[in-house]
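In what follows, a structure is listed as structure tokens, so that the remarks can point back to it.
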Amino acid sequence: MTVTSRNACVSCNNKNCLINKNLNSKIVLRFTEERREIRCKKGQQFIMEGASVTGLFFLLSGKVKVSRTGLMGKEQIVRFASEGEIIGHRGFGTEESYPISATALEDCKLCYFSKESLQEVLRLEPSFTYALMLFYANELNKSEVKVKSLSQMTVRERVIDTLLYVNRKFGQTNGYISVILSRREYADYAGTTEEQVIRILSSLKKETLIFTKGKRIGLHSTQALQREIDEHNFYLG
DNA sequence: CCATTAAGAGTGT
DNA sequence: ACACTCTTAATGG
């Protein structure tokens with residue numbers, strides 16, 4: 001990991017970034033001078049579960065998986081992150097160690113802010129604090145929806161749900177989902193096993209709902225896939 | 001560039 | 001879940 005120090009927030013065009021949206025504030029602007037840029041290679045883990053919290057990351061470019069060690073050491077992928085997203089935010093508040101690990105799925109650039117400087121700006125700038133609070137509320141909602149999907153959906157539905165989620169998050173290039181994940185990683189997100197994912201993907205392929213090429217997966221009809229999950233939601237109310 | 005090897009996909013039991 | 005084959009990606013000369 002190489003670390004450089006430079007304030008590039010003013011010239012940064014990442015509109016998804018919470019800091020970028022609040023640069024009109026003088027306090028936030030001064031805070032951005034505390035930024036450290038970190039480069040991270042594919043496969044590298046930059047947050048380790050259980051490590052003490054030193055700060056928080058904003059993803060400038062690249063893709064990241066956020067995971068947690070579940071029961072019996074099985075990896076559970078909590079979410080994926082793309083450009084502009086906050087990583088490591090759950091370590092704030094009363095926690096003193098990160099509850100999750102974060103690993104680069106491809107080469108990444110990360111913006112890092114220390115816990116101290118972040119806490120200062122949160123105390124001084126209510127509009128920024130409010131924006132972060134909205135973000136937290138939204139994250140909580142998403143995690144509740146995920147609990148529901150894990151507990152009430154069938155394995156097949158969870159795999160479809162995972163495909164749609166990853167597709168929504170990263171989009172497509174040449175018809176294929178724009179991120180390369182192993183079947184194992186799909187399984188770790190869907191809360192199932194690699195074999196189950198492989199089998200369900202081959203059924204979906206036979207039903208011409210998806211197509212694959214190596215690790216790449218393309219969706220023929222997101223509507224048709226979505227429909228299968230919607231029916232489920234209908235019966236649940 | 002090609003050959004060897006390692007990693008991951010896919011299938012049957 | 002395990003064992004196996006086949007395919008693709010990574011490595012090194």
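Scope of the values below: all heavy atoms of this structure, side chains included, with no hydrogens, waters or symmetry mates. Naming: A, B, ... by sequence-line order, numbering from 1 per chain.
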Between A:Arg183 and A:Glu185, does any NZ, NE, NH1 or NH2 come within less than 4.0 Å of an OD or OE carboxylate oxygen?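 Looking at A:Arg183 together with A:Glu185, the answer is no, because their closest N to O distance does not fall below 4.0 Å.
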Next on the checklist: What range of DNA chain C does chain A touch, first nucleotide to last, counting atoms under 4.0 Å from its heavy atoms?
Outcome noted: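 Listed 5' to 3', the contact boundaries are C:dA1 to C:dC2.
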With sequence neighbours excluded, what pairs up with [X] under the salt bridge (charged side-chain N to carboxylate O under 4.0 Å, His left out) test?
{"X": "A:Glu34", "answer": "none"}
{"X": "A:Arg156", "answer": "A:Glu207, A:Glu228"}
{"X": "A:Lys205", "answer": "none"}

- request: Please name all residues satisfying side-chain contact (heavy atoms from CB on, under 4.5 Å) with A:Asp107, sequence neighbours left out, ordered by chain then number.
  value: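 Result, side-chain contact (heavy atoms from CB on, under 4.5 Å) vs A:Asp107: A:Lys41, A:Lys42.
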#### Entry: Residues in side-chain contact (heavy atoms from CB on, under 4.5 Å) contact with A:Ala187, at least two apart in sequence or another chain
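If we apply the side-chain contact (heavy atoms from CB on, under 4.5 Å) test to A:Ala187, skipping adjacent residues, the hits are A:Thr192, A:Val197.
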Q) For DNA chain B, what residues of residues 175-199 of chain A have any heavy atom nearer than 4.0 Å? A)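 Contacts with DNA chain B under 4.0 Å: A:Ser182, A:Arg183, A:Glu194, A:Ile198, A:Arg199.
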**Q.** Within residues 200-209 of chain A: residues closer than 4.0 Å to DNA chain B (heavy atoms)
**A.**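 Residues of residues 200-209 of chain A that come under 4.0 Å of DNA chain B are, in numerical order, A:Ser202, A:Lys205.
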In the hydrophobic cluster built from side-chain contacts under 4.5 Å, what are the other members alongside A:Ile198?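 Members besides A:Ile198: none; it forms no cluster.
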Inset, instruction - Hydrophobic side-chain clustering at under 4.5 Å (ILVMFWY, transitive links): who's grouped with A:Leu140? Put none if nobody. - result: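 A:Leu140 clusters with nothing; isolated.
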| What pairs with A:Phe80 under ring pair (Phe, Tyr, Trp, His ring centres under 6.0 Å), at least two apart in sequence or on another chain? |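 Partners of A:Phe80 under the ring pair (Phe, Tyr, Trp, His ring centres under 6.0 Å) test: A:Tyr189.
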*asked:* With ring-ring contact (aromatic ring centres under 6.0 Å, His included) as the rule and sequence neighbours excluded, what pairs involving residues 137-161 of chain A come up?
replied: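 Applying ring-ring contact (aromatic ring centres under 6.0 Å, His included) to every pair that reaches into residues 137-161 of chain A, excluding sequence neighbours, yields nothing.
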